Amino acid sequence: MTWDDPVPETDQRLVAAAADGEERAVEAALRPKDLGEFIGQERVREQLDLVLKAARQRGGTADHVLLSGAPGLGKTTLSMIIAAEMGAPIRITSGPAIQHAGDLAAILSSLTEGEVLFLDEIHRMSRPAEEMLYMAMEDFRVDVIVGKGPGATAIPLELPPFTLVGATTRAGLLPPPLRDRFGFTGHMEFYGPAELERVVRRSADLLDVAIDPEGAAEIAGRSRGTPRIANRLLRRVRDYAQVKADGAITREIAAQALDVYEVDLRGLDRLDRAVLDALLRLFGGGPVGLSTLAVAVGEERETVEEVAEPFLVREGLLARTPRGRIATPAAWAHLGLVPPQQSNPPGQQGLFGQ
Ligand SMILES: Nc1ncnc2c1ncn2[C@@H]1O[C@H](COP(=O)(O)OP(=O)(O)OP(=O)(O)O)[C@@H](O)[C@H]1O
């Protein structure tokens, strides 16, 4: 596997959606092996099931598949399931690992018939590689350039039919000619609490950890809609249950453990809460500029903007406005604080109606 990029420090948080190589190795044991085992994502699952069944009935290779969605929602898992359902081997690489068109040519020319090529972070591939991929996807052919300058010649190379599974967190960044060459695009959504609870119970089963439904629900509720985070929290709660109790996970044990790890009931961690806390206590709920907020929290501007804010916005706790960041009523409620009295004329909803 080539997930070569180092995970930034801020992504080493317990609630980060990204994973490093070590974690991916641990995750391998928890991956569902077929579509029936894959929890949630009903629509994508159903559509993919049809695509794969039809390809199998025709005795051919499945169409190229593009999976988009946030990290940790199961794109890699689905690509492995596609290969398994087609009875085909899978090759895994990523956009950033393909710097030159030659890197891609080497991979493509070594594929066997029907093989699945999983290209993670496909939006981060180099432009020449991307252009080579167009032809490979459409005509199962690449032009290998031999030599340099005016004497360079293109030698056409036939490829066996293969299925490309591209994964991206940013479907909008893909050039339309690339997007159009996928026969099927599946958009992965964040998971609901009931689905995450199933993920936790299934993983606990595989890890041979006793957990009751309330314990699973407690972990699910703090997992930010993301199976990867649910599995990671489960592993930390398992440690706690083993050291501090009899190993079994109940609601109480899960809550105690996640309090120790500073992951709150809604899945906010220390950084998220620090941002909200500063916004509410120091700036009365805003509006306040991003730079000022970052200084108040003692973090880089980018950290606040790219690491903390997306989840706070998604949760409806913070809003980005042209005049600065503002807290929503839910943010006051979440931190157990009372918004300051407003002196606005009747009909205006305080800070939020401005
Ligand atoms: N639907 C699901 N049911 C059960 N477990 C799941 C599901 N989706 C993901 N997981 C688990 O979550 C973890 C992360 O999944 P996966 O690596 O497939 O995510 P990803 O979307 O490819 O992430 P990235 O974008 O970072 O590569 C794995 O351990 C996987 O088993």
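Along the sequence shown, residues carry numbers from 1. Values in this document were obtained by computation on a predicted structure and should not be read as measured data. Every number for a ligand or one of its atoms is a count from 1 in the order of the listing.
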Q.
side chain to side chain contact (heavy atoms under 4.5 Å, CB included) for Ile107 and Ile98? Distances and angles first, verdict last.
A. CA-CA 10 Å; Ile107 295 171; Ile98 298 174; 4.2 Å; yes
Are any of the N/O atoms on [X], whether in the backbone or the side chain, positioned under 3.5 angstrom from an N/O atom of ligand 1?
{"X": "Leu30", "result": "yes"}
{"X": "Tyr191", "result": "yes"}
{"X": "Val199", "result": "no"}
{"X": "Gly74", "result": "yes"}

Q: Classify the ring geometry between Phe162 and Phe140 as parallel (under 30°), tilted (30 to 60°) or perpendicular (over 60°).
A: perpendicular
**Q.** Cationic tip of Arg224 above Phe311 ring, under 6.0 Å, 45° of axis
**A.** yes
Mark the output for [X] as yes if a heavy-atom distance to ligand 1 is under 4.0 Å, and as no if none is.
{"X": "Arg24", "value": "yes"}
{"X": "Gly72", "value": "yes"}
{"X": "Pro32", "value": "yes"}

Q) For Gly40 and Glu195, which heavy atoms make the closest approach, and how far apart are they? A) CA-OE2, 3.6 Å
Q: Looking only at non-hydrogen atoms, find the nearest pair between Leu233 and Ser223 and report the distance.
A: CD1-OG, 3.8 Å
Q) How does Leu78 reach ligand 1, if at all, at less than 4.0 Å between non-hydrogen atoms: by side chain, backbone, both, or neither? A) neither
Q) With backbone taken as N, CA, C and O and side chain as the heavy atoms from C-beta onward, which portion of Asp120 lies under 4.0 Å from ligand 1: side chain, backbone, both, or neither? A) side chain
Among [options], which one puts a heavy atom closest to [atom]?
{"atom": "atom 31 (O) of ligand 1", "options": "Arg198, Arg31, Arg228, Glu23", "answer": "Arg31"}
{"atom": "atom 18 (O) of ligand 1", "options": "Thr77, Ile229, Leu206, Val44", "answer": "Thr77"}
{"atom": "atom 10 (N) of ligand 1", "options": "Pro227, Pro71, Ser94", "answer": "Pro227"}

Q. Just by distance, do the side chain of His64 and the backbone of Gly183 share a donor-acceptor pair under 3.5 Å?
A. no
Q) Which atoms of ligand 1 have any heavy atom of Thr76 under 4.0 Å away? A) 17 (O), 18 (O), 20 (P), 22 (O), 27 (O)
**Q.** Atom indices of ligand 1 within 4.0 angstrom of Asn231 heavy atoms, with elements
**A.** 11 (C), 12 (O), 29 (O)
Q: Can you measure from CG (Leu52) to CD1 (Ile82) and round to the nearest 0.5 angstrom?
A: 6.0 Å
Q. What residue among Val199, Leu30, Ile211 forms side-chain contact (heavy atoms from CB on, under 4.5 Å) with Leu234?
A. Ile211
Q. Between Lys244 and Gln256, is any pair of side-chain heavy atoms under 4.5 Å apart?
A. no
